[in-house]
Amino acid sequence: MKLSSFLQAAAIFRKDFLVGLRRRAAFAAMAMFALTTIASLSLALGGAFVEPKLLAALLWVVIFFAASAGISGTFEDEAAAGTLSTLKLYAARQAILFGKMFFTLASLGALTIFLLPVFLILFDAEIARLGIFSATVLLGLVGISAAGTLTAALTVSASAKGGLFPILLFPVTLPIFLPAISLTEAAFTGAEFSAEFLAAMIFYDAILVTAASILFDFLD
């Protein structure tokens with residue numbers, strides 16, 4: 001992107017951030033879903049031991065569906081106000097995409113930081129390899145943000161986007177979750193991990209970001 005596009009993306013990020021601070025609806029929806037799910041699973045298990053692989057899978061399931069509850073409304077404010085077309089007229093499409101994408105990534109990062117201590121406490125788990133865990137979470141959130149922002153743009157005019165959004169998002173992000181679960185398991189147990197999984201996540205994130213950048217230009 002050109003310098004002007006970067007400035008436009010920063011302005012869109014700032015606008016969404018300020019709107020989010022005032023309304024807080026999307027973040028509250030994500031946080032409440034995550035907390036309710038984690039608490040329900042913890043109560044259902046009754047303090048029983050959970051295998052690290054299952055624990056890793058549960059964490060990513062919670063992150064995915066919590067993200068789905070918030071990301072689906074990425075373009076909702078502009079669509080409701082009828083200003084989405086105006087925004088596309090005055091800002092470069094790539095600036096809109098990456099401004100929204102970075103805001104989504106920041107929101108998911110804040111959500112993960114918020115829910116992770118609760119998850120670890122309720123499931124009596126600990127992180128043995130913080131570096132691997134941090135890299136895995138970052139790469140996973142980047143992929144979800146890229147795919148989620150594009151999917152939100154595709155479904156912004158759909159009448160049943162609440163149910164349509166996760167259906168479209170899940171198959172796109174599934175190749176991220178498979179290596180992420182294995183790496184998260186290794187981070188929980190301290191076992192050896194395969195660098196190929198990290199490489200696969202980086203490669204697929206690059207594909208998602210590139211595909212979103214190309215396809216977004218053709219959306220009405």
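Positions are given from 1, in the same order as the sequence printed here. Every value quoted in this text rests on a predicted model; they were computed, and no experiment measured them.
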Distance from M32 atom CE to T37 atom OG1, nearest 0.5 Å? 10.0 Å
Side-chain touch I127/L116, heavy atoms, less than 4.5 angstrom: yes
Does a side-chain heavy-atom distance below 4.5 Å link M201 with L183? yes
Heavy-atom side-chain contact between I132 and L198 under 4.5 Å: yes
Would you say I202 ends up clustered with M101 if hydrophobic residues are merged whenever their side chains have heavy atoms under 4.5 Å apart, either directly or through other cluster members? no
Between L120 and E126, is there a side-chain heavy-atom distance shorter than 4.5 Å? no
Could you tell me the separation between the OG1 atom of T136 and the CD1 atom of I181, rounded to the nearest 0.5 Å? 11.5 Å
If Ile, Leu, Val, Met, Phe, Trp and Tyr residues are connected whenever their side-chain heavy atoms lie under 4.5 Å apart, and connections chain through other members, are V61 and L174 in the same group? yes
Could you please spell out the steps behind the side-chain contact (heavy atoms from CB on, under 4.5 Å) verdict for L59 and L115? CA-CA 10 Å; L59 176 61; L115 70 86; 4.0 Å; yes
Applying the 4.5 Å side-chain criterion to the ILVMFWY set and letting contacts propagate, would L108 and L208 be lumped into a single cluster? no
Does F102 belong to the same Ile/Leu/Val/Met/Phe/Trp/Tyr cluster as L139, with side-chain heavy atoms less than 4.5 Å apart forming each link? no
Can you check whether F188 reaches F133 side chain to side chain, under 4.5 Å on heavy atoms? yes
Between atom CD of E51 and atom OG1 of T189, what is the distance when rounded to the nearest 0.5 Å? 10.5 Å
A95 and I12 have their tightest heavy-atom pair at O-CD1, 3.7 Å
For the backbone of F170 and the side chain of T173, can you confirm whether one donor and one acceptor N or O come within less than 3.5 Å of each other? yes
Please determine whether a side-chain nitrogen of the Lys or Arg among R129 and E192 lies less than 4.0 Å from a carboxylate oxygen of the Asp or Glu. yes
Of all heavy-atom pairs between D205 and G143, which one has the smallest distance, and what is that distance? OD1-CA, 3.3 Å
How many angstroms lie between atom OG1 of T149 and atom CG of L105, to the nearest 0.5 angstrom? 9.0 Å
With the side chain counted from C-beta on, respond yes when F216 and I96 share a heavy-atom pair under 4.5 Å apart, and no when they do not. yes
Could you walk me through whether V209 and F98 pass side-chain contact (heavy atoms from CB on, under 4.5 Å), step by step? CA-CA 9 Å; V209 173; F98 284 99; 3.9 Å; yes
Heavy-atom check, side chain of Y204 versus side chain of V172, under 4.5 Å: yes
How far apart are the C-alpha atoms of S182 and K53, what are their side-chain angles, what is the distance that settles it, and do they pass the side-chain contact (heavy atoms from CB on, under 4.5 Å) test? CA-CA 7 Å; S182 296; K53 193 174 190 66; 3.8 Å; yes
Are I38 and I63 co-members of a hydrophobic cluster defined by side-chain heavy atoms under 4.5 Å apart? yes
Gap between atom CG of D124 and atom CG of L55 - 0.5 Å precision: 10.0 Å
Atom of S68, atom of L169 and distance for their closest heavy-atom approach: OG-CD2, 4.0 Å
Assess the pair F64 and F177: is the distance between their ring centroids shorter than 6.0 Å? yes
First locate atom CG of L122, then atom CG of L35, and finally report the distance between them rounded to the nearest 0.5 Å. 9.0 Å
Does the ring centre of F119 sit less than 6.0 Å away from the ring centre of F123? yes
Are F197 and L178 close enough that some pair of their side-chain heavy atoms sits under 4.5 Å apart? no
Heavy-atom closest pair, residues A31 and F114: CB-CE2, 3.8 Å
